[in-house]
Amino acid sequence: MRIAAWNVNSLKVRLPHVIRWLQDQEAKQQPIDALCLQELKLTDDKYPHQELEAAGYLSLAAGQKTYNGVAIIVRKAALASIASDAATSFLKPIRNIPANTDEQQRILAATIPFAGTKPIRLVSAYFPNGQSPDSDKFIYKLDWLSKLQTWLTEELQQNQRLALLGDFNIAPADADVHDPKAWEGQNLVSPPERNAFQELINLGFSDSFRMFEQAPKTFSWWDYRMMGFRRNAGMRIDHILLSEDLKEKCSASVVDKEPRTWEQPSDHAPVIATIQKT
DNA sequence: ATGGCGTGTCCAACACGA
């Protein structure tokens, strides 16, 4: 089975790409069983439940006006027979980090009862961008990271099979940056952010992408400007972190650059991890 | 050279992204 994350930069604009991508993966006999979306940029009443359900997928969304917004989409055919609607397919849902009371919708967690394997708890995450290390938004980012770490410590105690997927807005190492010298110390790569990423790893997660041999300069985001994609001037800031029990079952982790080549694309590409069922 | 492009919103000029 495969789980994925994709920052779509407006679900209203990108819904055709999401459906096309899911159907392409099915046609290749490599369906996406769960897809965590970020940057919906729409309120819950505007979420396209009907269109996605018609394509064969159930959704749980945590949206807000204009900014942020996250969702979890599951393939109906991949669910255990006990799951028939959102209430039975997304168990123990949590919106936002419990310690966070502000309006920013950046976290959605749910336990998914997949057929043929033990349930998996998924966290769809859109980490704050941070803007620049000397900004108020950067202070918010570091505070948010601290609260995330505290919350995930509890989640890991309660869920052996836990995956954290999404747009982390952190490039963990220089190998994840197209021009490390130009970016040294800047937002997305600065030491406090990378330390926070490492602290997440230290809780008991593995960066699924780095468990496998990968082509150099593999990225998940490219700036719309300056022909960033054509020059492969990108960063790897979208990640799938796996708890120890899921790490043992993970057999592959890749970035699919193809949707970034489509007309009017998101600036992010989807990232995918393959999990062996038990 | 801190812009460039894309999206959403108070529909026009700005906020925000990374």
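Lettering follows sequence order; numbering is per chain, from 1.
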Provide the closest heavy-atom pair for A:Met211 versus A:Ser206 in the form atom of the first, atom of the second, distance.
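Heavy atoms of A:Met211 and A:Ser206 come nearest at SD-CB, 4.3 Å.
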What integer number of Å spans the [atom1] atoms of [N] and [M]?
N	M	atom1	answer
B:dG3	B:dC10	C1'	26 Å
B:dA1	B:dA12	P	35 Å
B:dT9	B:dC16	C1'	12 Å
B:dG6	B:dA13	C1'	15 Å

Please tell me which of A:Lys41 and A:Trp221 maps to the more 5' nucleotide of DNA chain B, matching each residue to the nucleotide holding its nearest heavy atom.
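Mapping each residue to its closest nucleotide by heavy atoms, the 5'-most match is A:Lys41.
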More than 12 heavy atoms of other groups within 6.0 Å of A:Asp136 CG
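No, not enclosed.
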Indicate whether any N or O donor in one side chain lies under 3.5 Å from an N or O acceptor in the other, for A:Asn129 and A:Asn187.
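Their side chains do contain a donor-acceptor pair, which is all the 3.5 Å distance test asks for.
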For [X] and [N], what is the distance between atoms [atom1] and [atom2] respectively, to the nearest whole Å?
X	N	atom1	atom2	value
A:Gln64	B:dC16	CD	P	12 Å
A:Asn9	B:dC16	CG	P	15 Å
A:Tyr224	B:dG3	OH	C1'	18 Å
A:Arg225	B:dG17	CZ	C1'	8 Å
A:Gln104	B:dA15	CD	C1'	13 Å
A:Glu39	B:dC5	CD	P	19 Å
A:Lys65	B:dC16	NZ	C1'	16 Å
A:Tyr67	B:dG17	OH	P	8 Å

Just checking [X]: base, sugar-phosphate only, or nothing, at a heavy-atom cut-off of under 4.0 Å?
X	result
A:Leu42	nothing
A:Gln186	nothing
A:Asn7	sugar-phosphate

Given B:dT9, B:dC16, B:dA18, identify the nucleotide with an atom nearest to the side chain of A:Asn169.
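That would be B:dA18.
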Ignoring the backbone of A:Arg106, work out which of B:dA18, B:dG17, B:dG8 is nearest its side chain.
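So the side chain of A:Arg106 is nearest to B:dG17.
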Rounded to the nearest 0.5 Å, what separation is found between the CG atom of A:Leu156 and the CZ atom of A:Phe205?
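If I round to the nearest 0.5 Å, the distance is 4.0 Å.
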Rounded to the nearest 0.5 Å, what's the gap from CD on A:Gln25 to CG on A:Leu35? Could you check?
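That separation rounds to 10.0 Å.
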By a strict heavy-atom criterion of less than 4.0 Å, which residues belonging to residues 128-139 of chain A are in contact with DNA chain B?
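By residue number: A:Asn129, A:Gln131, A:Lys137.
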Test A:Cys250 against every option in A:Ile240, A:Ile3, A:Leu242, A:Thr274 by the side chain to side chain contact (heavy atoms under 4.5 Å, CB included) rule and name the one that passes.
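Considering A:Ile240, A:Ile3, A:Leu242, A:Thr274, a side chain to side chain contact (heavy atoms under 4.5 Å, CB included) with A:Cys250 is found only for A:Leu242.
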Output yes when at least one side-chain N/O atom of [X] is less than 4.0 Å from OP1 or OP2 of [N], else no.
X	N	result
A:His268	B:dG17	no
A:Ser10	B:dG8	yes
A:Tyr126	B:dA18	yes

Determine whether the aromatic ring centres of residues A:Trp21 and A:Trp262 are separated by less than 6.0 angstrom.
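Judged by ring-centre distance (under 6.0 Å), A:Trp262 and A:Trp21 do not meet the cut-off.
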Check: A:Thr43 and A:Tyr47 side chains under 4.5 Å, non-hydrogen atoms
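No, too far: nothing below the 4.5 Å cut-off.
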